[in-house]
Participant: 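Pasting a structure here, questions to come.
All of these numbers come straight from a predicted model, not from anything done at the bench. In what follows, chains are A, B, ... by sequence order, proteins preceding strands, each numbered from 1.
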Amino acid sequence: MVLNLKDVSITFNEGTLDEKKALQHTNLQLEQGDFVTVIGSNGAGKSTLMNVISGSLKPDIGSVIVDDKDVTMLKEFKRSQYIGRVFQDPMAGTAPTMTIEENLAMAYARNKTRTLKSGVTKKRKALFREYLETLHLGLENRLNAKVGMLSGGERQALSLLMATFTEPNILLLDEHTAALDPSRAELITNLTGEVVEKFNLTTLMVTHNMQQALDLGNRLIMMDKGQIILEVSGEEKQALTIEKLLAEFQRIRGEQMANDRAILG
Amino acid sequence: MFLSIFSAVESGFIYALMALGVYLSFRILDFPDLTVDGSFVTGAAVGAISIINGVPPVLATVFAALAGFLAGTITGILNTKGKINPLLSGILMMIALYSINLRIMDKPNVALIREPTIFNDVEGFWEMLGIDAFLNGLLTNTGLDRVPGTWAILIIMIIVTIVVKLITDYFLKTEVGLALRATGDNEKMIRSFSANTDTLTIVGLGISNALVALSGALVAQYGGFADVSMGIGMIVIGLASVIIGEALFGTKSIARTTLAVIGGAVVYRIVVTLALKVEFLETGDMRLITALLVIIALVAPKIIAAQKEASRKRRKRQELANR
C-alpha cells in the first residue's frame, strides 16, 4: 500500500461559531498505480485532504502512512521527498525569476540531498531537454528562458513535469487545470494521463470538472462535509456518467448537489 | 581631484563586499535585512579588538566575518522559528547588536593607529614588486603632479571583491544555491521539492551578514578605527549600491547582477565624493544625497521606460495615420 490514511480528522476553529469539521474520520487507501479522482462541492474537504497528505496541515487525530512509514508528524518539506504536487495556480509550482533548466534542476533534487555541486550540468541539460520534448510545447529550445515569461499553460505543463519526472511515491494534483482556458486545460489533462501512465504514478487528483473526474483514473471518490460519501472503481467507474453521479449524490444526501461549477463542469 | 576619486574607488571596492551581502538578503532572499547596520559594526569591532589583542590581521578579519555570520543566523532564527516579520527581526537584531558592539569594543571608539592591518601587511610585499613606481610613472607622464601613495589597497580590494563575486556566482548556481534563490522567489514551491526553507533563510542571512561584517572589518583597517556608530545608515548605502548598480549595469544574469552591484558600490562612492565637492554641500548632507540617489535610481528607469513606451505607441499611431 502506497498511501494509508487512517481515521483522519481535522477541525478548524474548534469551539467557535466558525467551527468547521473539515475531515471526519476519513480513511483512504491507495495501492501502487492507483489513480484516484476526487470530486465534491466547495468546502467538502477536498483541499484539506490534499493538505493533510502533503503535510501542510497536521491532522487532529489519525495517521498518514506512506509506503509503510508513518509520516504524520513529518514536516512538509521532508514529506515532499515522497510526494510530488501540482497546485491550482500555475504561478505556484515554479520559480518565476529562474530559468526553465534551473527550475528543473531544483525539482531533480527533490529526493536527493542538495550539495554544493553545480545544479545544471551538461548531462542533466540533455536529460531535461529529453523530458521537455514530451510536452510538445517547444520548451526544450528555451532552457535558458525565465519561467516568468511563459504562459499559464506552459508553466502548468512545466509544473506537472517537475512534479512527476523524479517519480514520487504519490502525486497530488490540486485542481491543476481549473485556472486554465479550456484548450490549455485539455492539454494539461492529456499530459497528466500520459505522465501518470508512463511513470506508473500513484495519483490523487482533486477536480471540479466531473467529466475530467470520469475520464481520468481508475478510481473515483466523492466527498461531502468532510467525509468520503462515495467510492467507485474499475468497471463500475467506467460505466459512470455525470447524470448517474448527480443522482447518486442525491440518493445519499437527499439533496441537490448545490455547486453550479461542479454541474456545469 | 584625481586623488579624491582614487580613494573613492578604493573605498568603493571595500564597501562593495557589504553591497554584495545586501544583494544576497534583499534581492536573492527577498528579505530587507536591517541587521546590516549592526553587523557592519560587529565586523569592525571584532576585527579591531582581535588585532589589538595580537591576532594576525587576516585571521582577525576572518573572525569578523564569522561574527557577522552568527548575527545573520540569529536574525534568520527570529524570522523563521520565532515567526517575526522580516523587517522587525532585522531591527531587533540591529539594536541588540549596538549594545553587543559596545561590549566588544568596551568603548565607543577603538583606534587602530600603529597596529598592523591587512593593508600594511600587503604593502610591504607590494613595494618589492615595484608596481606603484610603474603606474605612478604612467600617471606623471599624463601630466598629473600628485599621484596616489600606494596602489596596493585598490588592487588587493579589486582582487578580493572579484574572488568573492565569483564564489557567490558559483554558489548561487549550485543545488543549494538554486534552492536558496527559490526560497526568495517562491517559497511554497521549493518547499514542495523538499527544501528546508527555514534553514536556507537562516544560512542565507548568515552569509549575507558575513560579507557585511567582512566589509566592516576592512573599513576599520582602512580608516584606522572602529566606531560604534559607523554602521548607521549602512543598509541604505547597501541598497543604494544594489539599486544604482542594477539600474546602470543591468540584471540579465546572476553574474551580470553581482558585477552591477560592485559597480554600483563604486559609482555610489564617486558620486558622493563629487557631490561633497559642491560648495554649499556639507559632510552632514551625505545621508540626504544617498536618499536622493536611491530615489533617482528607482524612479529614473521607470520614467525612461514609460517614455520609450509612449514614443513607441505614438510612432504606431503615426504610421497608421500616414497609411
Participant: Please classify the contact of A/T113 with chain B as side chain, backbone, both or neither, using a heavy-atom distance under 4.5 Å.
Facilitator: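 A/T113 touches chain B through backbone heavy atoms alone.
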
Participant: In terms of heavy-atom proximity below 4.5 Å to chain B, should A/Y108 be classed as side chain, backbone, both, or neither?
Facilitator: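 For A/Y108, no heavy atom lies under 4.5 Å from chain B.
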
Participant: Testing the basics here: between A/P59 and A/V8, what is the closest heavy-atom pair and its distance to 0.1 Å?
Facilitator: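 Heavy-atom minimum between the residues: CB-CG1, 3.7 Å.
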
Participant: Going through the checks in order, is the side-chain contact (heavy atoms from CB on, under 4.5 Å) test met by B/D30 and B/E187?
Facilitator: CA-CA 11 Å; B/D30 196 18; B/E187 193 172 342; over 6 Å; no

Participant: Which residue, A/L104, A/L127, A/L137, forms the side chain to side chain contact (heavy atoms under 4.5 Å, CB included) with A/L132?
Facilitator: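 Considering A/L104, A/L127, A/L137, a side chain to side chain contact (heavy atoms under 4.5 Å, CB included) with A/L132 is found only for A/L104.
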
Participant: Quick one: of A/R79, A/Q81, A/E102, A/K112, who has the most non-hydrogen atom pairs under 4.5 Å with chain B?
Facilitator: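 Top option by heavy-atom pairs under 4.5 Å: A/E102.
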
Participant: Between B/K165 and B/T258, does any side-chain donor sit less than 3.5 Å from a side-chain acceptor?
Facilitator: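 Result is yes, a qualifying pair exists.
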
Participant: Do A/S80 and B/S192 have side-chain atoms, one donor and one acceptor, less than 3.5 Å apart?
Facilitator: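 There is no such pair (donor and acceptor under 3.5 Å, judged by atom type) between the side chains of A/S80 and B/S192.
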
Participant: Tell me, side chain or backbone of B/T251 under 4.5 Å from chain A's heavy atoms, or both, or neither?
Facilitator: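 Looking at B/T251, just its backbone touches chain A.
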
Participant: Under a 4.5 Å heavy-atom cut-off, does chain B meet the side chain of A/T94, its backbone, both or neither?
Facilitator: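 Only the backbone of A/T94 comes within 4.5 Å of chain B.
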
Participant: Quick check on A/L172 against chain B: is it the side chain, the backbone, both or neither that has a heavy atom closer than 4.5 Å?
Facilitator: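 Contact with chain B is absent: no heavy atom of A/L172 under 4.5 Å.
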
Participant: Relative to chain A, which of B/I190, B/N196, B/I254, B/D198 shows the most heavy atom pairs under 4.5 Å?
Facilitator: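 Heavy-atom pair counts peak at B/N196.
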
Participant: Examine the side chains of A/T37 and A/Q212 and answer whether a donor and an acceptor come within less than 3.5 Å of each other.
Facilitator: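 Absent: no donor and acceptor within the cut-off.
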
Participant: Between A/A109, A/G93, A/S54, which shows the greatest number of heavy-atom pairs under 4.5 Å with chain B?
Facilitator: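 Most heavy-atom pairs under 4.5 Å with chain B: A/G93.
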
Participant: Quick one: of A/R85, A/K117, A/K146, who has the most non-hydrogen atom pairs under 4.5 Å with chain B?
Facilitator: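 Going by pairs under 4.5 Å, I would pick A/K117.
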
Participant: Cut-off 3.5 Å, side chains only: do A/T16 and A/D18 have a donor facing an acceptor?
Facilitator: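 No.
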
Participant: Does any backbone or side-chain atom of A/M162 lie under 4.5 Å from a heavy atom of chain B? Answer side chain, backbone, both or neither.
Facilitator: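 Both the backbone and the side chain of A/M162 come within 4.5 Å of chain B.
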
